[in-house]
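Report on the structure given below.
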Amino acid sequence: MPAQRLVPGALAAAAAFVALWPFTAVIEPGAWSLAATAVIIVTALTGIGMRTLLQRRPEWMRDTATLLAQAFAALGTVTLLVAGDTALFGLVPTPSTWSVFGSLASSAWEEITYGAAPLNATPGLQLVLASGFAVVAILVDQLLAQRIALLAGLLAAVVGALPTIVTVSGANVVWFVMLGVLMLVLFGYTARRRPDAPSRAAPTITAGIGVVALAATVMIAPGLPVSASWAGSSVGVTVNASLKLGDDLRRPAPVEVLTVAAEGETAPYLRLATLSQFDGRVWHPDESELQSQSDGFGDPDWSEDVETDSRRTSIRILRMSSAWLPVPYAATRIQGAPASWMVMPSNRTVVSERADALSNDYTVSSVVVTPTLEQVRASSAAPPAETDAPLVELPAVIGETAAEVTADSGTDYDRLLALQTWFRNEFTYSLDTPVEEEFDGTGADAVARFLDVRAGYCIHFAGAFALMAEELGMHVRIVVGYLPGILTDQERGEDESVFSVTSDQLHSWPEVYFQGIGWVPFEPTASLGVPTRFEPATTTGTGPGGPATPVPTASPGAQATDDPEIERDDVGGSAGATGPLRALDPMPIVIGAGGALLIVLLPAVIRRIRRAFRGRRAHTGDAMAAWVELRDTLLDLGIAVSDADTPRTRGATLVRERGADAAALKRLIDAVEQASYARSGAEAGDLSSPLGTVLRQLHRSVDRRSRVSALLFPRSLFAGRGADAPLLA
């Protein structure tokens with residue numbers, strides 16, 4: 001098969017694979033990678049086959065037919081791999097196929113918008129990525145067929161950079177090296193394929209440019225400063241309803257995700273979602289009927305004889321993306337949130353199927369339930385009679401440890417208090433241990449391992465506490481949300497303080513349902529928050545028999561304690577905990593834009609440097625440097641250069657066709673002939689002036705498009721010397 005039809009297809013496939021590779025770091029392994037690989041290969045083979053079959057047809061017909069064939073081939077491949085059972089012959093989409101595609105695309109959008117990296121390899125993502133890379137592969141193939149290497153390379157670069165940009169992760173130096181090699185190969189190939197370019201490449205120049213660019217990338221990129229504010233005002237953390245909080249908590253520098261305005265000097269815990277169903281591997285978020293905000297949050301979970309207190313909390317989301325709005329417990333009313341946000345009465349959370357929490361500003365009215373110690377001890381934490389028994393068989397160590405720790409406790413509340421105390425006293429908070437010990441999850445086996453190692457972070461404490469409470473016959477669930485923010489020096493109104501909540505305060509904790517009281521949160525995580533504890537009723541000046549006055553609230557502590565310094569010393573003073581709220585840092589935008597501009601202008605910069613060196617040599621009378629610069633300028637401007645031209649022939653052609661100054665050209669030609677053929681060359685004098693005159697006239701002889709192309713993509717960097725090579729020996 002002729003190389004002119006095989007090589008463009010192979011290079012297009014290589015470019016698509018370079019763009020695909022970074023996505024493997026943000027999506028878990030699965031069928032999506034096979035689907036994307038398949039469409040890239042099918043697209044390349046289809047392009048090669050169509051151009052071979054139609055090689056004798058007009059170019060416009062060949063290109064159009066190839067584009068259509070690639071589109072249909074990619075569609076058939078995606079259909080076969082994603083929804084083949086609904087398609088005709090497994091390849092031709094039917095109405096049922098399009099319906100499946102719509103449903104999968106919708107689920108993929110939810111996963112991408114509200115999920116946290118690494119994303120699960122769902123069928124929806126398989127469809128989106130296969131379709132997306134089908135488009136990328138077709139576009140790159142068509143661009144290379146038209147010898148537009150710059151746009152093809154930029155497309156691969158932009159698509160491949162998306163995972164790094166979206167996840168605000170560090171520079172992938174290996175990928176940048178791969179991209180640099182790809183760009184050099186693409187430029188070299190398209191330069192050689194131009195009909196007006198010499199047939200031989202200049203490997204030394206190409207390799208030199210590549211070595212300099214790649215070396216600069218490898219040396220400079222790892223040393224670039226990383227700032228938490230480089231994300232600007234974009235999303236600082238994406239929170240889903242899973243317990244995959246480790247990556248967010250292990251951020252090198254926390255970012256401020258929201259602010260809270262509340263009365264007094266303490267702020268409440270904020271909940272996003274609750275998780276009640278455990279399948280042995282993961283806790284699943286609660287799903288129940290939704291209702292509009294105007295319908296309220298449902299009936300109270302507490303009885304009338306339990307003391308309550310009303311409070312208002314204003315929340316502003318700065319850098320958090322989620323399908324849930326953070327609200328305090330127990331929310332009773334929300335104001336300022338768009339109507340697309342719905343209430344889930346079963347757990348008093350606020351959720352939306354199509355809106356995002358980012359940039360919302362709203363106020364929540366809530367009730368703080370404060371039972372006395374006597375009331376909570378008298379209440380049962382057993383699940384309702386109609387609750388299904390758990391079907392998961394847990395490791396024996398979980399139930400045995402729960403029974404051992406609570407052996408001396410007489411009531412449900414005392415047993416839970418014993419568990420809370422045991423976790424906080426006997427365990428250590430650590431973000432690294434779960435990864436090092438390979439139990440970074442909430443599955444039953446991970447909990448058993450956590451109980452043995454006794455070190456982990458909030459999801460391990462919450463998961464272990466919840467399973468042990470279930471083994472003791474209690475009604476329990478897990479909450480995902482945020483710890484109370486840290487007080488700033490700002491105020492809202494006359495009596496509200498402003499608290500800053502950062503990404504490293506993402507948290508999970510268990511809740512247990514007490515009949516007549518409602519859901520009571522506990523704080524087993526060592527060194528975080530304030531443990532839940534109720535005090536006995538006291539009298540307040542009305543004499544014996546007066547009203548009961550509980551001392552602390554039922555919420556886990558209103559003020560978070562300091563994190564362990566060894567495990568979380570990255571928080572430091574940059575988390576936005578005190579002082580005024582951070583303003584947008586313009587430096588990341590400036591540096592990013594400057595870096596992109598440098599990449600685009602790199603060929604032009606190198607070409608200018610080379611022209612300057614030759615200009616200085618021409619100034620000293622170096623005829624060869626002046627003549628080579630003239631030839632390279634012709635290549636850059638797209639003016640035909642024949643390998644058979646002698647200096648006089650070329651000069652005559654330029655005078656006749658391009659209006660070049662005959663006297664200036666004669667001086668250059670005489671100097672070149674004298675330097676090439678005379679036994680002892682005469683002094684040529686300053687050749688920079690006639691050279692500059694001819695170059696300016698050549699630029700004026702072509703259109704603006706050719707001048708811009710010569711500036712941004714100088715072909716002479718990749719073209720060989722051809723007939724001039726002997727002169728340069």
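Keep in mind that the numbers below use all heavy atoms, side chains included, and drop hydrogens, waters and symmetry copies.
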Indicate the atoms forming the closest heavy-atom contact of A660 with L665, along with that distance.
CB-CD1, 3.6 Å
To the nearest 0.5 Å, what is the distance between CG (L358) and OG (S321)?
6.5 Å
The criterion is ring pair (Phe, Tyr, Trp, His ring centres under 6.0 Å); which residues satisfy it with F23, sequence neighbours excluded?
F133
Check whether more than 12 heavy atoms from other residues, nucleotides or ligands sit under 6.0 Å from atom NE2 of H699, and answer yes or no.
yes
Under 4.5 Å between any side-chain heavy atoms of R610 and S716, yes or no?
yes
Which pair of heavy atoms, one from L691 and one from A618, lies closest together, and at what distance?
CD2-CB, 4.3 Å
Before giving the answer on side-chain contact (heavy atoms from CB on, under 4.5 Å), spell out for L91 and F72 the whole-Å C-alpha distance, their side-chain angles and the decisive distance to 0.1 Å.
CA-CA 10 Å; L91 297 171; F72 283 117; over 6 Å; no
Just wondering, do T43 and V140 contact through their side chains at under 4.5 Å, heavy atoms?
no
dist R617:CZ -> R614:CZ (nearest 0.5 Å) comes out at 8.0 Å
For R700, I'd like to know if atom CZ has over 12 heavy atoms of other residues, nucleotides or ligands within 6.0 Å.
yes
Show the numbers, then the answer: is there a side-chain contact (heavy atoms from CB on, under 4.5 Å) between L654 and L634?
CA-CA 10 Å; L654 294 179; L634 294 175; 3.8 Å; yes
Main-chain N/O of R705 paired with S709 side-chain donor or acceptor, under 3.5 Å:
no
Would you name the heavy atoms of P647 and V672 that are closest together and state the gap between them?
CG-CG1, 4.1 Å
I'd like to know if the side chain of R715 and the backbone of L635 have a donor-acceptor N/O pair within less than 3.5 Å.
yes
Candidate pair R608 and L711, rule side-chain contact (heavy atoms from CB on, under 4.5 Å), full reasoning:
CA-CA 9 Å; R608 288 290 180 179; L711 173 65; 3.8 Å; yes
To check you understand the geometry: which heavy-atom pair defines the closest contact between R667 and G685, and what is its length?
NH2-C, 4.2 Å
Evaluate the side-chain contact (heavy atoms from CB on, under 4.5 Å) criterion for residues R658 and Q697: first the C-alpha distance (whole Å), next the side-chain angles of each, then the deciding distance (0.1 Å), finally the verdict.
CA-CA 8 Å; R658 298 291 169 178; Q697 291 169 341; over 6 Å; no
Just verifying a value: how many Å separate L127 CG and F101 CZ, rounded to the nearest 0.5 Å?
5.5 Å
Drop me the distance from S701's OG to L637's CG, to the nearest 0.5 angstrom.
6.5 Å
When you compare the side chains of T633 and D636, does any donor N or O come within less than 3.5 Å of an acceptor on the partner?
no
Please find the pair of heavy atoms, one from A73 and one from V42, that lie closest to each other, and give the distance.
CB-CG1, 3.8 Å
How about T66 and Q142: do any of their side-chain heavy atoms sit closer than 4.5 Å?
yes
When rounded to the nearest 0.5 angstrom, what is the spacing between CG in L318 and OG1 in T502?
11.5 Å
Can you confirm whether L695 sits close enough to E629 that some side-chain heavy atom of one is under 4.5 Å from a side-chain heavy atom of the other?
yes
Value rounded to 0.5 Å, distance of CG in D63 from CE in M50:
10.5 Å
Examine the side chains of D622 and T620 and answer whether a donor and an acceptor come within less than 3.5 Å of each other.
no
Check whether any side-chain heavy atom of I639 sits under 4.5 Å from a side-chain heavy atom of E657, and report yes or no.
no
How far apart are the closest heavy atoms of A130 and V39, and which atoms are they?
O-CG2, 3.5 Å
Is there a side-chain contact between L698 and L630 in this structure, where contact means two heavy atoms from C-beta onward sitting under 4.5 Å apart?
yes
Within the structure provided, determine whether V92 and T79 are in side-chain contact (heavy-atom separation under 4.5 Å).
no
